[in-house]
Amino acid sequence: MKHEMVFGLHAVEALMQRQPERVMELWVMKGRDDERLTRIAELAQQFGVRPQLAARKVLDDKAESTQHQGVVARCKPEPVKGEHELDQLLDGVDTPFLLVLDGVTDPHNLGACLRSADAAGVHGVIVPKDRSASLGPIVRKVAVGAAESIPLFQVTNLARTLRSLQERGIWIVGAAGEATHTVYQSKLTGPLAIAMGAEGKGLRRLTREHCDDLISIPMAGAVSSLNVSVATGICLFEAVRQRLG
């Protein structure tokens, strides 16, 4: 069984709070007196995991990164959620609010999108099994705990999944530069899935064709597009504004 390394204060603390049974070993940086590190170590001990002190270089090697913030956990891998788990989620939600990411392969972007989705109250994030970053340590670090709280569903056939959402009465809105109206002119209330494409490429043709509506973000400056995580945040929080209103 391949183990997963999770690092960073937010990611490891969220893991200890929500999925402590996955943690097999925990290393904290020797000589670092930090309130957050102490809290994580205490949480670990509550669940029978004894924190081990380690030098910075050891943590760098275990995380394969210098961005570990003094804590690294070795974990059992999280089972991948797919179509079946998505159906179970939707069966229990009255007004679904979903995010679909089509072809977001950069783990930093996926992590940032998860963070925005969690903050906006999204019920779940859907990605294709191929042409997408997966839940690795960089995603978890960038997501600062959101990867442990918001479910990520990896589906075999994204177009088929979108059709299934439509059959459930979920309105699918895709962000596309060629859209004739903006996110601020679109109705984003009710059962909703917002679909975002990879930066530069945008939504794939088949994904666009399965959208009920296409929207754009008005651009006033010299740049032609936004980073996908920034664009995702704008669209999600316009939906939040409308849904609260």
Side-chain angles (χ1 to χ4, degrees), residues 81-104 109-129 132 143 146-199 202-219 225-245:
K81 295 180 178 68
E83 290 88 344
H84 176 66
E85 289 79 10
L86 176 59
D87 284 337
Q88 288 180 321
L89 172 85
L90 294 174
D91 287 343
V93 176
D94 287 335
T95 310
F97 183 21
L98 303 168
L99 173 63
V100 178
L101 298 174
D102 183 20
V104 176
N109 282 337
L110 177 57
C113 287
L114 287 173
R115 185 175 182 177
S116 293
D118 180 69
V122 166
H123 294 112
V125 177
I126 301 168
V127 299
K129 268 185 184 162
S132 173
E148 283 67 44
S149 66
I150 189 162
L152 180 77
F153 302 98
Q154 295 178 304
V155 299
T156 309
N157 185 317
L158 186 58
R160 185 174 64 206
T161 297
L162 295 178
R163 285 197 299 273
S164 173
L165 295 181
Q166 287 168 323
E167 287 166 7
R168 285 178 172 268
I170 296 172
W171 185 252
I172 299 172
V173 175
E178 72 273 17
T180 55
H181 59 277
T182 74
V183 60
Y184 305 114
Q185 298 166 323
S186 184
K187 179 177 173 288
L188 301 174
T189 54
L192 176 71
I194 294 179
M196 308 294 299
E199 189 176 349
L203 294 171
R204 287 176 293 161
R205 179 187 58 80
L206 203 54
T207 305
R208 270 202 316 274
E209 288 174 0
H210 280 83
C211 291
D212 297 299
D213 190 17
L214 293 177
I215 57 172
S216 64
I217 296 171
M219 304 288 290
S225 67
L226 294 169
N227 173 278
V228 64
S229 64
V230 174
T232 295
I234 290 168
C235 293
L236 289 179
F237 278 91
E238 172 57 18
V240 169
R241 187 192 68 79
Q242 292 187 21
R243 295 161 93 82
L244 289 175

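Just so you know, these numbers come straight off a predicted model, no measurement behind them. Just the heavy atoms: all of them, side chains too, but no hydrogens, waters or symmetry mates, feed the values below.
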Closest non-hydrogen atom pair between T232 and C113, with its separation: OG1-SG, 3.7 Å
For salt bridge (Lys or Arg N to Asp or Glu O under 4.0 Å), just list the numbers for E209 and R205, CA-CA rounded to whole Å, side-chain angles, deciding distance to a tenth of an Å, and then say yes or no. CA-CA 6 Å; E209 288 174 0; R205 179 187 58 80; 2.8 Å; yes
Are the side chain of E238 and the backbone N or O of S186 linked by a donor-acceptor pair below 3.5 Å? no
Approximate separation, where rounding is to 0.5 Å, of L99 CG and S116 OG: 9.0 Å
Taking every non-hydrogen atom, the tightest pair across I150 and D118: CD1-N, 3.8 Å
Any non-hydrogen side-chain atom of Q166 less than 4.5 Å from a side-chain atom of D212? yes
Charged N-O contact under 4.0 Å between D91 and R168: yes
Run the side chain to side chain contact (heavy atoms under 4.5 Å, CB included) check on T189 and K187 step by step: do they pass? CA-CA 6 Å; T189 54; K187 179 177 173 288; 3.4 Å; yes
Taking atom CG of N109 and atom OG of S229, what is their separation to the nearest 0.5 Å? 5.0 Å
Are Q154 and P128 close enough that some pair of their side-chain heavy atoms sits under 4.5 Å apart? no
Give the C-alpha distance, both sets of side-chain angles, the deciding distance and a yes or no for side chain to side chain contact (heavy atoms under 4.5 Å, CB included) between I215 and Q185. CA-CA 8 Å; I215 57 172; Q185 298 166 323; over 6 Å; no
Do Y184 and P218 have side-chain heavy atoms sitting under 4.5 Å apart? yes
Rounded to the nearest 0.5 Å, what separation is found between the CZ atom of R160 and the CD atom of E83? 6.0 Å
Roughly how far, to the nearest 0.5 Å, is the CG atom of L165 from the CG atom of L192? 10.5 Å
Taking C-beta and beyond as the side chain, do T207 and L162 meet within less than 4.5 Å on heavy atoms? yes
If I compare all heavy atoms of A120 with all of V240, which pair ends up nearest, and what's the gap? O-CG2, 3.4 Å
Look at the side chain of R115 and the backbone N and O of A146, then say whether any donor-acceptor pair between them is shorter than 3.5 Å. no
Are the side chain of R243 and the backbone N or O of L188 linked by a donor-acceptor pair below 3.5 Å? yes
Check against side chain to side chain contact (heavy atoms under 4.5 Å, CB included), L90 and I170: CA-CA 10 Å; L90 294 174; I170 296 172; 4.1 Å; yes
Shortest non-hydrogen contact between L214 and A176, atoms and distance: CD2-CB, 4.2 Å
Rounded to the nearest 0.5 Å, what's the gap from CG on L152 to OG on S132? Could you check? 6.5 Å
Taking the side chain as every heavy atom from C-beta outward, state whether M196 and C235 have any pair of such atoms under 4.5 Å apart. yes
Before giving the answer on side chain to side chain contact (heavy atoms under 4.5 Å, CB included), spell out for W171 and D213 the whole-Å C-alpha distance, their side-chain angles and the decisive distance to 0.1 Å. CA-CA 8 Å; W171 185 252; D213 190 17; 4.0 Å; yes
CG of D94 to NE2 of H123: how many Å apart, nearest 0.5 Å? 8.5 Å
Would you say the side chain of I194 lies within less than 4.5 Å of the side chain of F97, judging by non-hydrogen atoms? yes
Where is the tightest heavy-atom contact between P191 and T95, given as atom of each residue plus distance? N-CG2, 3.6 Å
Closest heavy-atom pair, R208 versus L203, reported as atoms and distance to 0.1 Å, is NH1-O, 2.8 Å
K81 side chain near L86 side chain, heavy-atom distance below 4.5 Å: no
Would you say the side chain of V127 lies within less than 4.5 Å of the side chain of V155, judging by non-hydrogen atoms? no
